[in-house]
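In what follows, chains are A, B, ... by sequence order, proteins preceding strands, each numbered from 1. Note that these values count all heavy atoms, side chains included, but never hydrogens, waters or copies made by symmetry.
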Number of protein chains: 2
Amino acid sequence: MTERNSAPSLSRIQQKNRELILGGALEAFSAGGFRGATIDQIARHAGLSKPNVLYYFTSKDEIHKALLTSLLEMWLAPLQRIDPAGEPLAEVLAYVRAKLQMSRDFPRESRLFAYEILEGAPHLTEILGGGLRQIVDEAAAVLRRWMAEGRLAQVDPHHLIFSIWSMTQHYADFDVQVRAVLGPGRDPLNEAAAFLDALYRKLLSP
Amino acid sequence: MTERNSAPSLSRIQQKNRELILGGALEAFSAGGFRGATIDQIARHAGLSKPNVLYYFTSKDEIHKALLTSLLEMWLAPLQRIDPAGEPLAEVLAYVRAKLQMSRDFPRESRLFAYEILEGAPHLTEILGGGLRQIVDEAAAVLRRWMAEGRLAQVDPHHLIFSIWSMTQHYADFDVQVRAVLGPGRDPLNEAAAFLDALYRKLLSP
DNA sequence: CCTGATCCTGACCATCTGGTCAATATTCCG
DNA sequence: CGGAATATTGACCAGATGGTCAGGATCAGG
């Protein structure tokens, strides 16, 4: 039904401007969610005019969808990097560290997905129940095996993953609150790294 | 500057309609955030006309602010119910259970605050750095004392509180994702209760 | 350098939305 | 009951916003 199959050739200008637009869209959508962002904002962030943005994407909805799908893989990559052949506790701790690092390096991406889920995931429903579920189930299977082998303490693997997601992304999504509560002169992400390391060591040491 | 000081008397109709409006506003704001909700939606949820809503509140902004402040106390109450004279581990576990119960009973309230923080907390900035910080610091002081007395394992109290917030509210705010990943036929909140109980027992047992 | 394809824009439109207002209905109370 | 205070509403306005379009600028390749 869609085109761009045999000829995905994008001209240099197309490549560059689509990139600019997605960059501006990330800025805008992560700040105010889908409804809070306007095409004009996206255009200004991208350094283009509004009609020009709509020359490359047919609608605001399409920009949003393209942005989400272009970031989803990167967002889920750390989970897939858990090595079934590695040392269990070290693998989990490395995953926690990687997710926390993403909250530091890519807070806008974190907020983008947070908004999307909060809004009911209108653009991600099929992915949530399909690809994401499979990826999580595979990681959960590895964790379960480790637990069965006595190399990791027994806990529900899915909720273990949820706990990692929620605690690490909290420092990106609720940054305002975290900083307000902690007060100035502290480094939330650094403290969180130590806290989470200790937490998962205690929770998972067999 | 403001009125309603010596005479906060609200007629029966006022009382009832303000209540209806705040109820409709909770429904609307928790679904789409401040920008995603329209006064007309609020009015329909409340069973009133749009101009009538604006007869009781002068602006959408005021509705939002009134709703947040009316719910904030209830939202923070469990934290203040931690008893400094109680048994440390039991007190923390009770707090975790209470917060999780709120995710089950009041998911709309949870999402309302989640949106507000994500959007940068434009209506809560003074509260975040003022009242909230103080409440959290007091709870943190109690936790710290317990840890110093050797009745609780040593961890950063602030991040301990953040972890409780993030993990419990996760089940309300990201409900769509949780259910999509777990698949049908499971009870996320019930499983979470067991998981979190085990987690905090291991983390905090001295 | 010419020409067709690609790229870009100002002007414009329809719709939505926050908010106003004059007029009407309802309630309250002496 | 009767009139003042309170509630309610339909009609309306102004600005914002998603999206369109005809025409002009720019670029690629022969």
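B:Ile21 has its CD1 atom 12 Å from the C1' atom of D:dA7, to the nearest Å. Rounded to whole Å, the distance from CD on B:Gln14 to P on C:dT27 is 15 Å. Taking atom CZ of B:Arg18 as the reference point, atom P of D:dT8 lies 13 Å away to the nearest angstrom. Remark: C1' of D:dT8 and CG of B:Leu20 are 14 Å apart, rounded to the nearest angstrom. Taking atom NE2 of A:His64 as the reference point, atom C1' of D:dG19 lies 18 Å away to the nearest angstrom. The CD1 atom of B:Ile39 sits 15 Å away from the C1' atom of D:dT9 (whole-angstrom rounding). When rounded to the nearest whole Å, the span between CZ of B:Arg12 and P of D:dA7 equals 11 Å. Rounding to whole angstrom units, CG of residue B:Leu48 and P of D:dT9 are separated by 7 Å.
Side-chain atoms of A:Tyr55 lie closest to C:dC8 of the nucleotides C:dG19, C:dG18, C:dC8. Distance from the side chain of B:Lys60 is smallest for C:dG19 among the nucleotides C:dT9, C:dG19, D:dT20. Among D:dT8, C:dG18, C:dC8, the nucleotide with an atom closest to any side-chain atom of B:Asn52 is D:dT8.
In plain terms, the two heavy atoms of A:Gly24 and A:His45 that are nearest each other are CA-CB, 3.5 Å. Closest heavy-atom contact between A:Ser163 and A:Ser166: O-OG, 3.1 Å.
In this structure, A:Ser49 reaches the C:dT9 phosphate: one of its side-chain N or O atoms is under 4.0 Å from OP1 or OP2. At D:dT6, none of the side-chain N or O atoms of B:Asn17 fall inside 4.0 Å of OP1 or OP2 (strictly under the cut-off).
Looking at which nucleotide of DNA chain D each of B:Pro51 and A:Asp61 is closest to, the 5′-most match is held by B:Pro51. Heavy-atom nearest nucleotides on DNA chain D were determined for B:Lys16 and for A:Ser59, and the one closer to the 5' end corresponds to B:Lys16. Of the residues near DNA chain C, A:Tyr56 and A:Arg35, the one whose nearest nucleotide (by heavy atom distance) lies more toward the 5' end is A:Tyr56.
Residues B:His159 and A:Tyr171 place their aromatic rings such that the two centres sit under 6.0 Å apart. A centroid separation of 6.0 Å or more is found between the aromatic rings of B:Phe34 and B:Tyr115.
Contact annotation for B:Ala43: no contact, since no heavy-atom pair falls under 4.0 Å across all strands.
For the side chain to side chain contact (heavy atoms under 4.5 Å, CB included) test, residues two or more places apart in sequence or in another chain that qualify with B:Ile13 are B:Ser11, B:Asn17, B:Tyr56.
Between the base of D:dG18 and the side chain of A:Lys50 there is a donor-acceptor pair shorter than 3.5 Å.
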